[in-house]
Amino acid sequence: MKASIEWLKEYSDIDIEATKLGDILTMTGSKVETIDQLGNDIENVVVGKILEIEKHPDADKLVVTKVDVGTEKLQIVTGANNIKVEDMVPIAKDGAKLPNGVKIKTGMLRGIESQGMMCSIGELNLTLADYPNQIEHGIMILDKKLEKDLGKNIVEVLNLKEDIIDFEITSNRPDCLSIEGLGRETAVSLKQPFKNPRKNIDEMKVETKSELEGLKVDIEAPDLCYRYVARMVKNVKIAPSPDWMVRRLKACGVRSINNIVDITNYVMLEMGQPMHAFDINSIEGKHITVRRAKKDEKIITLDEQERELDENNLVIADEKKAVAIAGVMGGLNSEIEEDTKTVVFESAVFYGGSVRKTAKKVGLRTESSSRFEKGLSAENALRAANRAVELVALLGVGEVVEGKIDVYPTKQKTNQIPFDVPKINSLLGTNLSKQEMIDILEQLEIKVENDIAIAPYFRMDLEFVADIAEEIGRFYGYDKLDTTLIKADTTLGIRNKEQNIQKKVKEVLVNSGFSEIYTYGFVSEKDLEKSNIKEEIKKYAIVLQNPLSDEYKLMRPTTIPSMMQTLAINNNKKNKQVKLFDLSRSYKNEKQEVEQGEVPLQEEILTIGMYGEDVDFYSLKGILENILEAIHINHYDVEKEINNASYHPGRCANLKVGMDRIATIRRSTSRSIR
C-alpha cells in the first residue's frame with residue numbers, strides 16, 4: 001500500500017523527514033518497504049519564456065532560441081517543433097540534474113552554443129496521465145498563468161516534490177489498506193492525537209429508503225454479501241479530475257480515468273472500502289440483485305475480457321444480466337460513459353473467501369478483490385458511500401439525491417476481549433499499570449469498560465488477550481521490552497540416529513567442496529521428459545488438483561529433474577565448476593488411483609550433481625565411497641546398470657548391500673543440461 005506523506009498529514013502533524021518517519025512506523029509494526037522522494041532528482045530546472053526562435057544556420061532540423069529565465073536570458077538550441085514565441089517551458093540550466101542521473105551542461109550544437117535544454121514531460125519523469133494535454137515527444141508547454149513564476153524552480157511550481165512510503169500490509173490488517181488506517185497508525189506512532197477529517201461523514205444522518213429514483217436492491221445471497229449500500233447523483237458532468245486528486249491517485253499507483261471513476265478509487269484508497277459506479281440507464285428494470293451466478297453465465301468485464309462464471313461465484317445483476325463480478329470488477333455493460341447523467345454508487349461488503357475463489361477462477365485480481373479477500377468491516381460501507389457523494393458535491397459535478405438504500409441483513413458483531421492486566425504484563429514481560437495500558441488503547445480507539453476491551457468496527461482482527469497485548473507492546477515500544485528466558489520446563493534436545501547420519505553425510509560433502517541446495521517438490525511433465533525418466537516411474541507422479549502453475553503440476557516421483565534443472569541453470573550462467581547436493585524427498589503413489597486422504601510414499605533421497613573439467617564417473621564414485629565410510633558401511637557390491645535410459649549405459653553402476661540397492665552412480669544423458 002502506497003501513501004504520500006502529504007495525504008497522511010490530514011490525520012496528524014508530521015514534521016519529520018520521510019526516512020525517520022519510516023523507521024518509527026516500522027518499529028510500531030507498519031513495515032516500510034520503500035520510500036520514494038520524488039522531485040529530489042530534479043535540480044536547477046526553472047520556468048522559462050521563449051522570446052525568439054531562429055533557424056540554425058548549419059542544421060535544417062535545429063532552431064536557435066532566446067529564453068528568459070528571470071535572472072538572465074539564455075541561448076538554447078533545440079530540435080523541437082512544437083514551440084513558438086511566448087511559450088512558457090521548463091528550462092534545464094547549465095549544471096541541471098534530471099531524473100535517471102542525466103546532467104545538463106553548456107555545449108556546442110553544430111557550431112552554436114546552447115546554454116541549457118528545454119524539457120519534455122518524460123525528461124521530468126512525468127507522463128501523459130499526469131498532463132493529458134501535453135504531447136509525448138515534444139517540449140512541455142506550461143500554462144500561460146505561470147509567467148508570474150518566471151525563473152522559479154519547476155519542482156515547486158508544478159508541485160513535483162512528494163515523499164511516498166510503500167508499506168507491506170499483513171493479511172490481518174485490512175484497515176491499513178487505506179490512508180485513513182495508515183494515518184491512524186502514524187498519529188499514534190508519533191504520539192499525536194488522531195485528526196479525523198471525516199468526522200462530518202461519521203455524524204451524517206441519511207434517511208434509508210426502499211427506492212431511489214425507482215432503483216431497488218435485493219440480496220439473495222446474504223451469506224456472501226453482508227451489506228449493500230447505494231447512493232445516487234444526477235445531472236452528472238463527466239470530466240477530468242482536479243490536479244490534487246490526480247496527484248494523490250498517482251502517488252498510490254492508480255491511474256486517473258474521469259472524475260466519477262476517480263472518486264470511487266479515491267474513496268477506496270482513503271477509507272479502504274472498494275466501490276463501484278453504475279450508469280443507472282444500464283440497469284434493466286432499475287432493479288439490482290446480489291445473487292449467485294448461473295451455471296456457465298458469462299460477463300464481459302471492464303477490461304473487455306469475457307469471463308465465465310458458475311454457481312459458486314457472486315454477481316451484481318439487474319433483471320436480465322450480470323453487471324459486475326462482486327468484489328472483483330464491474331461489467332463493460334454498466335461502464336460510466338461521457339454521456340452518463342445519473343450514477344449509482346455501490347458500497348458493498350462481500351465474504352472474503354468467495355471473492356478470493358472468484359478472482360482465482362476468472363484469473364483477475366484487482367485492488368478491490370485484494371481488499372475484500374482479507375475481510376472488510378460492513379460498518380465502513382455507509383461511510384464510504386457518503387464520502388463518494390460528498391466528493392461529487394465538492395467538485396461540483398452532480399446533484400446528490402437525498403436518501404440511501406441500505407440492505408444490511410446481519411449486523412456486524414463488536415469484538416469484546418477480557419482486559420486482563422496481569423496476563424498482558426506476563427505476555428510482554430512488563431510491569432505497566434492499568435492506566436498506562438488504557439492510555440495506549442484509547443489512542444487506537446479501543447475502549448475499555450468494566451475490564452472489557454471493546455474493539456472498534458475497523459479492527460475485526462482483535463479477538464484475544466494476546467491481540468490486546470500486541471497492540472500495547474507495539475506502541476509502548478518493542479525496544480523497551482526486556483530480554484528474558486522462556487519461562488517453561490525445557491529439555492535438552494539431541495539428534496536421533498537418522499539425523500546423525502544426515503549430519504555426517506553433509507559434513508563429508510561440504511568438506512569435499514559441495515554446496516547444499518533446496519529444491520521444490522513440484523515438477524512439470526516436461527521436466528520428467530527432459531530427464532528421460534522411465535515410464536514406470538512417471539506413472540506414479542502425483543497430479544496436483546490446485547497447482548501454482550503448469551510448471552508445478554506434479555509432485556516429483558524422483559529428485560533427478562530438480563538436480564538437473566539446477567545444474568542446467570548454473571551451466572547457462574557460465575559456471576565452469578559446480579558441485580551440488582540435495583537432501584530432500586520424492587513423492588509417489590504406488591497405485592494408479594489414489595483414494596481420498598491417502599498419503600503418498602515419501603522417500604528421503606540424497607542427490608549429488610557435479611560437472612567440470614576434472615569431473616568424471618570416478619570422481620562421483622570416490623565421493624560416494626567417502627560417504628559410506630563416514631557412516632560405517634564397509635561391505636557393499638558394485639553392479640553395472642544398463643537398463644536405465646536416463647543414464648550413460650556404459651558409465652552407470654548400482655551399489656548394493658545384500659539385495660538392497662542403496663545408491664546409483666550415473667553419468668547423465670539428460671537433455672536438460674545441454
Side-chain angles (χ1 to χ4, degrees), residues 1-14 18 21-22 25 30 32-40 42 121 124-134 155-167 169 175-187 194-201 238-277 336 345 347 366-368 370-371 380 383-397:
M1 172 71 190
K2 291 184 176 181
S4 73
I5 291 182
E6 177 263 338
W7 203 346
L8 289 175
K9 284 181 178 179
E10 284 194 2
Y11 302 90
S12 63
D13 296 322
I14 301 172
L21 176 63
L25 290 171
S30 300
V32 173
E33 285 287 289
T34 59
I35 299 176
D36 293 327
Q37 296 183 286
L38 305 183
N40 287 358
I42 300 176
I121 58 172
L124 296 176
N125 203 24
L126 302 172
T127 68
L128 292 178
D130 304 311
Y131 293 91
N133 295 327
Q134 299 293 329
V155 174
E156 296 175 4
V157 172
L158 297 184
N159 200 15
L160 301 181
K161 185 170 179 57
E162 191 162 25
D163 295 328
I164 300 171
I165 302 180
D166 192 358
F167 294 90
I169 307 299
D175 60 299
C176 286
L177 287 170
S178 67
I179 301 296
E180 188 173 74
L182 292 171
R184 185 179 291 105
E185 292 282 310
T186 301
F194 172 65
K195 298 189 294 186
N196 181 7
R198 305 282 83 78
K199 190 174 180 181
N200 60 324
I201 292 292
I238 304 297
S241 296
D243 289 344
W244 63 267
M245 181 175 283
V246 173
R247 190 171 63 253
R248 286 186 170 183
L249 290 174
K250 182 190 176 187
C252 294
V254 177
R255 179 174 61 91
S256 174
I257 297 173
N258 61 50
N259 49 10
I260 297 299
V261 176
D262 288 355
I263 283 172
T264 63
N265 287 329
Y266 189 88
V267 173
M268 177 184 69
L269 294 169
E270 183 177 60
M271 293 184 160
Q273 171 63 43
M275 296 191 66
H276 188 60
I336 300 296
F345 285 109
S347 180
T366 60
E367 288 280 349
S368 174
S370 66
R371 284 169 169 78
N380 202 31
R383 297 178 69 244
N386 289 342
R387 175 59 169 158
V389 298
E390 180 188 57
L391 285 168
V392 169
L394 178 68
L395 301 183
V397 295

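Partners of Asn159 by side-chain contact (heavy atoms from CB on, under 4.5 Å), not counting sequence neighbours, listed by chain and number: Arg247. Among residues two or more places apart in sequence or in another chain, the salt bridge (charged side-chain N to carboxylate O under 4.0 Å, His left out) test is passed with Glu180 by Arg383. The salt bridge (charged side-chain N to carboxylate O under 4.0 Å, His left out) check on Arg387 picks up Glu270, Glu390, with sequence neighbours excluded. With sequence neighbours left out, the side chain to side chain donor-acceptor pair (under 3.5 Å) criterion links Glu367 to Arg371. For Ser256, the side chain to side chain donor-acceptor pair (under 3.5 Å) partners at least two apart in sequence or on another chain are Asp262. Applying the salt bridge (charged side-chain N to carboxylate O under 4.0 Å, His left out) criterion to Glu162, with sequence neighbours excluded, gives no partner residue. Among residues two or more places apart in sequence or in another chain, the ring pair (Phe, Tyr, Trp, His ring centres under 6.0 Å) test is passed with Tyr266 by Trp7, Trp244. By the side chain to side chain donor-acceptor pair (under 3.5 Å) test, Asn196 is found to be paired with Asp202, residues two or more places apart in sequence or in another chain being considered. Checked against side-chain contact (heavy atoms from CB on, under 4.5 Å), Ser30 has the following partners two or more places apart in sequence or in another chain: Leu25, Phe167, Glu185. Residues forming a side-chain contact (heavy atoms from CB on, under 4.5 Å) with Asn386 (at least two apart in sequence, or on another chain): Ile201, Met204, Val206, Arg231, Leu382. The side chain to side chain donor-acceptor pair (under 3.5 Å) search around Asp13 returns Lys195, not counting sequence neighbours. Lys250 is linked by a salt bridge (charged side-chain N to carboxylate O under 4.0 Å, His left out) to Asp130, counting only residues two or more places apart in sequence or in another chain.
Scanning both residues, Ala384 and Met271, for their nearest heavy atoms gives CA-SD, 3.7 Å. Residues Ser12 and Thr186 approach most closely at OG-CG2, 3.8 Å, considering heavy atoms. Taking both residues in full, the closest heavy atoms of Cys252 and Ile179 are given as SG-CD1, 4.2 Å, listed atom of the first, atom of the second, then distance. Between Cys176 and Leu182, the shortest heavy-atom distance links the atoms O-CG, 3.4 Å. Of all the heavy atoms in Ala18 and Ile5, the pair that sits closest is CB-CD1, 3.6 Å. Scanning both residues, Met268 and Pro274, for their nearest heavy atoms gives CG-CA, 3.8 Å.
When each of Asn259, Leu391, Asn258 is tested with Val397 by the rule side chain to side chain contact (heavy atoms under 4.5 Å, CB included), just one qualifies, namely Asn259.
For the pair Ile121 and Thr127, the minimum side-chain heavy-atom distance is 4.5 Å or more. For the pair Asp163 and Glu6, the minimum side-chain heavy-atom distance is 4.5 Å or more. The closest side-chain heavy-atom distance from Val392 to Ile263 is below 4.5 Å.
For the atom pair Asn125 CG and Leu160 CG, the distance stands at 9.5 Å (nearest 0.5 Å). The CG atom of Asn265 lies 10.0 Å from the CE atom of Met245; values are rounded to the nearest 0.5 Å. Summarising the geometry, atom CD1 belonging to Ile164 is positioned 11.5 Å from atom CD1 belonging to Ile35; distances are rounded to the nearest 0.5 Å. Taking OG from Ser241 and CG from Leu395, the interatomic distance works out to 7.0 Å, rounded to the nearest 0.5 Å. For the atom pair Ser178 OG and Ile169 CD1, the distance stands at 8.5 Å (nearest 0.5 Å). Rounding to the nearest 0.5 Å places CD1 of Ile336 at 11.0 Å from CD1 of Ile257.
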| field | side-chain contact (heavy atoms from CB on, under 4.5 Å) evaluation trace for Ile42 with Leu124 | value | CA-CA 7 Å; Ile42 300 176; Leu124 296 176; 4.2 Å; yes

| said: Apply side-chain contact (heavy atoms from CB on, under 4.5 Å) to residues Thr264 and His276 and explain how you reach the verdict. | reply: CA-CA 6 Å; Thr264 63; His276 188 60; over 6 Å; no

| request: Give the intermediate values and the outcome of side-chain contact (heavy atoms from CB on, under 4.5 Å) for residues Tyr11 and Arg184. | output: CA-CA 7 Å; Tyr11 302 90; Arg184 185 179 291 105; over 6 Å; no

| request: Take Val155 and Leu38 through the side-chain contact (heavy atoms from CB on, under 4.5 Å) test and state the conclusion after the steps. | output: CA-CA 9 Å; Val155 174; Leu38 305 183; over 6 Å; no

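No more than 12 heavy-atom neighbours from other residues, nucleotides or ligands sit within 6.0 angstrom of CG on Asp243.
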